[in-house]
Amino acid sequence: MTQAEFIISAVTERDFPREGIPEVVFAGRSNAGKSSLINRLAGDRKLARISAMPGKTQSINFYRFDRRFFFADLPGYGYTKIGKAASRHWKHLIELYFRDRPVIALAVQLVDARMLPTELDLELAEWLDSLEIPRLIVATKADKLSHSQQIAQSVSISNAFGGGPVIFTSSVSGAGCKEIWSRISEAVRNR
Ligand SMILES: Nc1nc2c(ncn2[C@@H]2O[C@H](COP(=O)(O)OP(=O)(O)OP(=O)(O)O)[C@@H](O)[C@H]2O)c(=O)[nH]1
Ligand SMILES: [Mg+2]
């Protein structure tokens, strides 16, 4: 696997990369495990910063794999303590990002394997569908559940999103990462 490098922490649309190569975006609630999964997939623990403080990151962090594609780590949503102004800024930035980014090959939507998707998770899924951005549901922190709990949650999470596959993953054990990479490679190839 190729080495990934941090490119930019985008705070306005002017910061978005312009290479025109495909992008895989990681979205989900604050603390869902986006940055941890990116690090695990990249095989580099220090690539994306893991927040001790949820909701602190208000920027979109871009990582590049060779000159072939980007990972975009979105700031998490649903964290109540960030305040109205920051929350507005977040929404605006994300909207700009999704509206005007034809390079997006896949949106990896992360949900905590132990919970049910929230209203915001479902809203995001609907929005991605309306923009015709392909999405992949990934349930994180699978290491916290037994096998039978995973099976039960897999059904509940899938149903909440209106059906479709859910990949269970763990940034601790690496479970599910091979499957996620294969979906990413396919999406990037077909972009
Ligand atoms: N046990 C376990 N813990 C995890 C896993 N993935 C993430 N965590 C923990 O969950 C917390 C949040 O992880 P992050 O990767 O920072 O989550 P995030 O979605 O990037 O959070 P924001 O940047 O605030 O939106 C950290 O304490 C991680 O160590 C996992 O697969 N298993
Ligand atoms: Mg993060």
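When a ligand or atom number is given, it counts from 1 through the structure's own listing order. For this chain, numbers begin at 1 and follow the sequence in order.
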Result of checking Glu23, Glu13, His92 against Tyr97 for side-chain contact (heavy atoms from CB on, under 4.5 Å):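 Looking at Glu23, Glu13, His92, the match for Tyr97 under the side-chain contact (heavy atoms from CB on, under 4.5 Å) is Glu23.
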
Do [X] and [Y] come within less than 4.5 Å of each other through their side chains, counting heavy atoms only?
X: Phe62; Y: Phe16; result: yes
X: Leu110; Y: Ile137; result: no
X: Arg191; Y: Ile104; result: no

Can an N or O of [X] be found at a distance shorter than 3.5 Å from an N or O of ligand 1?
X: Thr140; value: no
X: Gly76; value: yes
X: Ala32; value: yes
X: Lys141; value: yes

May I ask whether Gly28 has any heavy atom positioned less than 4.0 angstrom from an atom of ligand 1?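 Gly28: no contact with ligand 1 (<4.0 Å).
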
Measure the distances from the heavy atoms of Asp143 to every atom of ligand 1 and state whether one is below 4.0 angstrom.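 Asp143: in contact with ligand 1 (<4.0 Å).
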
Keeping to residues at least two apart or across chains, list the side-chain hydrogen bond (donor to acceptor under 3.5 Å, both in side chains) pairs with something in residues 154-169.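 Residue pairs passing side-chain hydrogen bond (donor to acceptor under 3.5 Å, both in side chains), neighbours aside: none found.
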
Can you say whether the rings of Phe71 and Phe65 are parallel (under 30°), tilted (30 to 60°) or perpendicular (over 60°)?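 The rings of Phe71 and Phe65 sit tilted, inter-plane angle from 30° to 60°.
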
Tell me, please, if Ser35 has any N/O/S atom, main chain or side chain, under 2.8 Å from the Mg ion (ligand 2)?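 Yes - counting backbone and side chain alike, Ser35 has an N, O or S atom under 2.8 Å.
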
Is it true that Asp66 and Arg68 make a salt bridge, defined as a side-chain N closer than 4.0 Å to a carboxylate O?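 Judged by the 4.0 Å cut-off on N to carboxylate O distance, Asp66 and Arg68 do form a salt bridge.
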
Counting from 1, what ligand 1 atoms have a heavy atom of Ser171 closer than 4.0 Å?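 Reading through ligand 1 atom by atom, the close ones are 6 (N), 30 (C), 31 (O).
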
Give the atoms of ligand 1, by number and element, whose distance to some non-hydrogen atom of Lys34 is under 4.0 Å.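 Here the atoms of ligand 1 in question are 15 (O), 17 (O), 18 (P), 19 (O), 20 (O), 21 (O), 22 (P), 25 (O).
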
Selection from Ala175, Ser30, Gly33 by shortest heavy-atom distance to atom 17 (O) of ligand 1: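 Considering heavy atoms of Ala175, Ser30, Gly33, the nearest to atom 17 (O) of ligand 1 sits in Gly33.
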
Who's closest to atom 6 (N) of ligand 1 heavy-atom-wise, of Ala48, Ser170, Ala139, Ser36?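 Comparing heavy atoms across Ala48, Ser170, Ala139, Ser36, the nearest one to atom 6 (N) of ligand 1 lies in Ser36.
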
Do the side-chain N and O atoms of Asn61 and Ser9 include a donor-acceptor pair separated by under 3.5 angstrom?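 Checked: Asn61/Ser9 side chains pair up, N/O donor to acceptor below 3.5 Å.
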
